[in-house]
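Here the structure comes first, spelled out in structure tokens, and everything after it is commentary.
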Amino acid sequence: MRQSNLLIPTLREVPKEAEIKSHQLLLKAGYIRKLASGVYNFLPLGKKVLRKVEKIILEEMNRSGAQEVQMPTIQPAEIWEATGRWYTMGGELMRLKDRHNRPFALGATHEEVVTTLVKDEVTSYKKLPFTLYQIQNKFRDEQRPRFGLLRGREFLMKDAYSFHDSFESLDETYQALYDAYSRIFDRLNLNYRAVIADSGAMGGKDTHEFMVLSEVGEDIIAYSDTSDYAANIEMAPVADQGEKPDVQPKELEKVATPNVKTMQEVADYLGHTLAMGMKAIMFKVDGQFVLVVIRGDHEVNDVKLKNLYNADIVELATEEETRETVGAGFGSLGPVKLPDAVDVVADYAVQYLVNATCGANEDGYHFKNVQPERDFHVSHYADLRFIQEGDPSPDGQGTIEFAKGIEVGHIFKLGTLYAEKLGAEYLDHNGKSKPFIMGCYGIGVSRALAAVVEQFGDENGMNWPKEIRPFDIHLLNLNTKNDEQVELADQLYKQLQDDGFDVLYDDRKERPGVKFNDSDLIGIPYRFVIGKGASEGYIEFKHRQTGEQKDVKISELTQFIEQLRENE
Ligand SMILES: O=C(C[C@@H]1CCCCN1)Cn1cnc2cc(Cl)c(F)cc2c1=O
Ligand SMILES: [Mg+2]
């Protein structure tokens, strides 16, 4: 393609709202343009790369045996009311009315649609298992869209749904798609880890997230420094690993602690370590007050609390609710002498504390020498804290380290939840009606594209891996006033295309500096420059990735490029 005909509006400066590399580069190189907050146009180069990412996904999904479909984006409220999500999804679900004033949702995901479709079309176990997938824009009205394509309000997703008459069959498909995802992210050259994850509101059991390691990732991955264990920190279990120190328990003592609020201030004031203090946090779990007690140097993991109670809603109690219930504010809470209405649960590590301190449930007072079971009772001990760096890896091999991750994929074993809610059943081999067992599998397609830019981009621009580069070669003619140079450039452009290369030909009447800047920004791996050396039969080659530069004889150009291709 001749660059003079293409819409590639590169920028010298970048809008200050673009905080991260992928957002800055995609804007600067003219790949995307914002229409509204979290809503983007893909310009020709962006669309070309997006198509190549889709192509890889299509190939690997088809190879896994999944069948491509296309489901509607506008979805009648009735099916979302049937699963209850019309009510449980807040403002994030975008809703609209049709001309008859009937309520619709804009597709945030398609469990309701696909289950309704299959309910009407599949009635026999003989048709199971099968997997349907689509690549389509999704709409989620994020509270705070940010980071460009990483968290948008309209974004491209590949979503797949599998249907089974047994959990063994679901396990097979889950593994097949796990492998397909691995091939997809390998072909994108992404540095990713598949991590054990939490299924969030989806229920079901096993789920894995595919995380691209990146400092701008919003998720934290806990991984072992020796084995391949990796889990989203929300999920990573912490073993009950303590033991009672052989210290004599002292008498419980109430002490005045005026104006000390934080755990550290209490520890300093009473002269002990953070780990000897008990942190008590009041939650509302499906509306019920629960006091969670953990060691002062640990953090409560609210996802584990939610899973412990199998709850729908877990939220922090407000200070006034807490004061009404316990009679004290946040800085003075503790498990000793609590009203019965409050359920108390504690992290495993609390049971091994001796002579600890905790809030006295009276402002300005704490207890010293607190003894679990002697001075307070918990309804149960559980794994309620976030794993920390240095903790033993849950698989028993090595110790845990942290990394930030961008979630580009998430696969779930859903079970029968959606089929039951929508009455989607099939007749099994005994003629008995059963709800479908399902799995669902997502990839953030536009997010994966941005993750590639995060991983490969540098301060001058992008660096596309082989399979998704927008063009194979960037051909720059530096002097459009010199006729024979233009003649040579046009001829090389034609020859390279005849040799089967997809060439972006910068034939614009622009200064060389502009052409070099734009070429670095656009990030096509191989650049050929027709400049002064042309009259002596040479053109200049530059490798965008390695920075390698050399003069290539025009007569040897084709072999040179063949060589490049072999080394790819
Ligand atoms: O999307 C999933 C599960 C899987 C992921 C893979 C592809 C199929 N769906 C989870 N999820 C996330 N955010 C949502 C936001 C809104 Cl507003 C909604 F209405 C529903 C969902 C929602 O269900
Ligand atoms: Mg997810």
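Both counts, for ligands and for their atoms, begin at 1 and track the order of listing. Computed from a prediction, not measured in an experiment: that's the story for all the values here.
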### Message
Tell me the contacting part of E111 for ligand 1: side chain, backbone, both, or neither, using a 4.0 Å heavy-atom threshold, strictly below.
### Response
side chain

#### Entry: Which residue and heavy atom of the protein sit nearest atom 16 (C) of ligand 1, plus the separation
A108 CB, 3.5 Å

### Task
Please state whether F139 comes within less than 4.0 angstrom of ligand 1, counting heavy atoms only.
no

### Query
Are H208 and F210 near enough that their ring centres are under 6.0 Å apart?
no

#### Entry: Residue pair V53 / L188, side-chain heavy-atom distance below 4.5 Å
yes

### Query
Where on M94 is there a heavy atom closer than 4.0 Å to ligand 1, on the side chain, on the backbone, on both, or on neither?
neither

### Query
What about R140: any of its N or O atoms under 3.5 Å from an N or O on ligand 1?
yes

### Beyond-backbone contact of E78 with T116, side-chain heavy atoms, under 4.5 angstrom
no

### Y161: numbered ligand 1 atoms lying under 4.0 Å from its heavy atoms
8 (C)

### Message
Could you check whether K55 pairs with E59 (Lys NZ or Arg NE/NH1/NH2 to Asp/Glu carboxylate O, under 4.0 Å)?
### Response
yes

### Query
In terms of residue, atom name and distance, what is the protein heavy atom nearest to atom 23 (O) of ligand 1?
R85 NH1, 2.7 Å

## Note on the structure
Y418 meets the ring pair (Phe, Tyr, Trp, His ring centres under 6.0 Å) criterion, sequence neighbours left out, with none

#### Entry: Those residues that, when tested against E168, pass side-chain contact (heavy atoms from CB on, under 4.5 Å) (two or more places apart)
S166

### Message
Could you identify the single nearest non-hydrogen protein atom to atom 5 (C) of ligand 1 and state the distance to 0.1 Å?
### Response
F412 CE1, 3.6 Å

### Query
For atom 10 (C) of ligand 1, which protein heavy atom lies nearest, and how many Å away is it?
M202 SD, 3.8 Å

### Summary
So the atoms of ligand 1 within less than 4.0 Å of a heavy atom of L93 turn out to be 17 (Cl), 19 (F)

### Query
What atoms of ligand 1 come closer than 4.0 angstrom to any heavy atom of D159?
7 (C)

### Task
Would you tell me whether S393 and Q397 have side-chain atoms, one donor and one acceptor, within less than 3.5 Å of each other?
no

### Query
Between Y133, W86, W80, which one has a non-hydrogen atom sitting closest to atom 19 (F) of ligand 1?
W80

### Message
For E17, run the salt bridge (charged side-chain N to carboxylate O under 4.0 Å, His left out) check against R146, K34, R144 and tell me which one passes.
### Response
K34

### Query
What atoms of ligand 1 come closer than 4.0 angstrom to any heavy atom of C440?
4 (C)

### Message
Checking a contact table here: which protein heavy atom is nearest atom 15 (C) of ligand 1, and how many Å away?
### Response
E92 OE2, 3.4 Å

### Task
Keeping the roles fixed (side chain from E142, backbone from E92), state whether a donor-acceptor pair exists under 3.5 Å.
no

### Query
Against heavy atoms of G442, which atoms of ligand 1 measure under 4.0 Å?
6 (C), 7 (C)

### Query
Counting only heavy atoms, which portion of Y441 has something under 4.0 Å from ligand 1: side chain, backbone, both, or neither?
backbone

### Task
Under 4.0 Å, heavy atoms only, figure out whether ligand 1 is touched by the backbone of M89, its side chain, both or neither.
side chain

### Task
Specify side chain, backbone, both or neither for T109, according to which of its non-hydrogen atoms lie closer than 4.0 Å to ligand 1.
side chain

### R95 NZ/CZ over W80 ring centroid, <6.0 Å and within 45° of normal
no

### Query
With ring centroids as reference points, do F436 and Y426 lie under 6.0 angstrom apart?
yes

